[in-house]
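For reference, the structure discussed in these notes is given below.
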There are 2 protein chains.
Amino acid sequence: MYERKIPELLDCGLAVAIKVIGGKWKAWIIDCIRREIRRPSGIHKEMHEVAPRIINLHLKELEDHGIIFKKIYAEIPARVEYWFTDVGSSILPVIDVLEKWGNDNKEYINRSHENYQSETCVFKRETA
Amino acid sequence: MYERKIPELLDCGLAVAIKVIGGKWKAWIIDCIRREIRRPSGIHKEMHEVAPRIINLHLKELEDHGIIFKKIYAEIPARVEYWFTDVGSSILPVIDVLEKWGNDNKEYINRSHENYQSETCVFKRETA
DNA sequence: CTGCACAGGGAAAAATTTTTCCCCCTCCAT
DNA sequence: ATGGAGGGGGAAAAATTTTTCCCTGTGCAG
């Protein structure tokens with residue numbers, strides 16, 4: 001486990017929320033589980049461009065944050081499934097809001113990003 | 001400017017949204033501007049625990065993403081103010097949703113984080 | 001016995017973001 | 001002519017996150 005050198009500021013609700021869903025692949029993983037792709041192997045298959053190790057790390061974090069929990073079936077061979085906790089379920093609509101905003105504005109955001117036009121608007125003061 | 005070696009995936013709305021507001025101090029900066037602390041010096045004062053350089057970098061990013069824009073008054077000495085663009089304003093309610101979820105759940109999230117109880121629930125399959 | 005699906009993790013490298021340390025400029029008041 | 005407010009940025013270090021590589025098991029089918 002990596003040990004932080006600078007303490008996190010977690011008073012701010014937004015910081016907490018982003019900590020939980022801000023990881024690089026968190027959203028995709030959450031989306032898998034939401035679509036009932038619950039088993040590690042299934043998630044690995046769905047996200048084949050991401051290394052299994054990475055997905056496992058993110059799953060562990062989501063678990064540590066209490067967003068998902070693990071069901072280990074006492075079968076042989078063992079079967080594992082991830083399910084949302086109540087708090088985990090409660091973040092889904094929040095993600096939807098974010099997702100919608102992003103989709104509505106992604107062309108704009110990415111355009112601004114490219115153009116990079118620092119032609120900063122210059123104004124005279126009206127109240128001279 | 002840092003040049004990415006791994007391309008970003010920006011099809012996903014959520015990735016875009018987090019790219020925009022996910023920076024370490026973005027939320028605080030946005031909150032300043034929302035509270036009409038618009039001038040760099042004012043923001044620096046408000047966020048005195050953060051180095052001015054860092055704030056400037058984040059401001060630049062917000063500007064590049066088209067969330068805020070810069071008004072440079074043709075006064076002497078020059079005065080600068082940051083204002084939200086229309087798209088910038090449209091993200092404020094989104095941030096509120098995130099902030100609310102975070103505040104409602106931060107004790108829970110931080111508790112889970114500490115406990116770290118990987119006592120994974122074990123189940124027998126009901127349908128044996 | 002070999003190979004494959006399944007679940008998982010240590011260690012180190014690479015990539016990225018954040019931070020520190022200094023530097024530049026202009027104007028204005030002392 | 002010195003200092004401070006006000007706006008800004010380069011370069012490198014430090015911190016953090018992401019990635020790669022490789023290794024550990026079990027059980028089951030050929």
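Side chains are part of it too, since the values below use all heavy atoms of this structure and drop only hydrogens, waters and symmetry mates. Residue numbers start from 1 in every chain, and the chains themselves are labelled A, B, ... in the order their sequence lines are given, proteins ahead of strands. Note that the structure is a prediction, hence the values are computed from the model and not measured.
- Between Arg4(B) and the phosphate of dT16(C), there is a side-chain N or O to OP1/OP2 separation shorter than 4.0 Å.
- The NE2 atom of His44(A) sits 10 Å away from the P atom of dC6(C) (whole-angstrom rounding).
- A cation-pi contact, defined as under 6.0 Å to the ring centre and within 45° of the axis, links Arg79(A) to Tyr73(A).
- At whole-Å resolution of the value, CD1 in Ile43(A) and P in dA5(C) are 18 Å apart.
- In this structure, Ile18(B) atom CD1 and dT18(D) atom P are separated by 11 Å, rounded to whole Å.
- Arg39(A) has a side-chain polar atom (N or O) that falls below the 4.0 Å cut-off from OP1 or OP2 of dA7(C).
- Rounding to whole angstrom units, CG of residue Asp64(B) and P of dG9(D) are separated by 11 Å.
- Distance Glu8(B) CD to dT16(C) P: 9 Å, rounded to the nearest Å.
- Between Lys70(B) and dG8(D), a side-chain N or O to OP1/OP2 separation shorter than 4.0 Å is present.
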Item to complete: Could you run through nucleotides 19-30 of chain D and give me one letter per nucleotide, 5' to 3': B if any protein heavy atom sits under 4.0 Å from the base, S if only the sugar-phosphate is that close, - if neither?
Response: BBB-----S---
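- By the side-chain hydrogen bond (donor to acceptor under 3.5 Å, both in side chains) test, Arg4(B) pairs with no residue at all, sequence neighbours left out.
- Distance from the side chain of Tyr2(B) is smallest for dT17(C) among the nucleotides dA15(D), dT17(C), dG6(D).
- Qualifying side chain to side chain contact (heavy atoms under 4.5 Å, CB included) partners for Cys32(A), counting only residues two or more places apart in sequence or in other chains: Trp28(A), Arg35(A), Ile37(A), Ile43(A), Glu46(A), Met47(A).
- At the phosphate of dC6(C), OP1 or OP2 sits under 4.0 Å from a side-chain N or O atom of Lys45(A).
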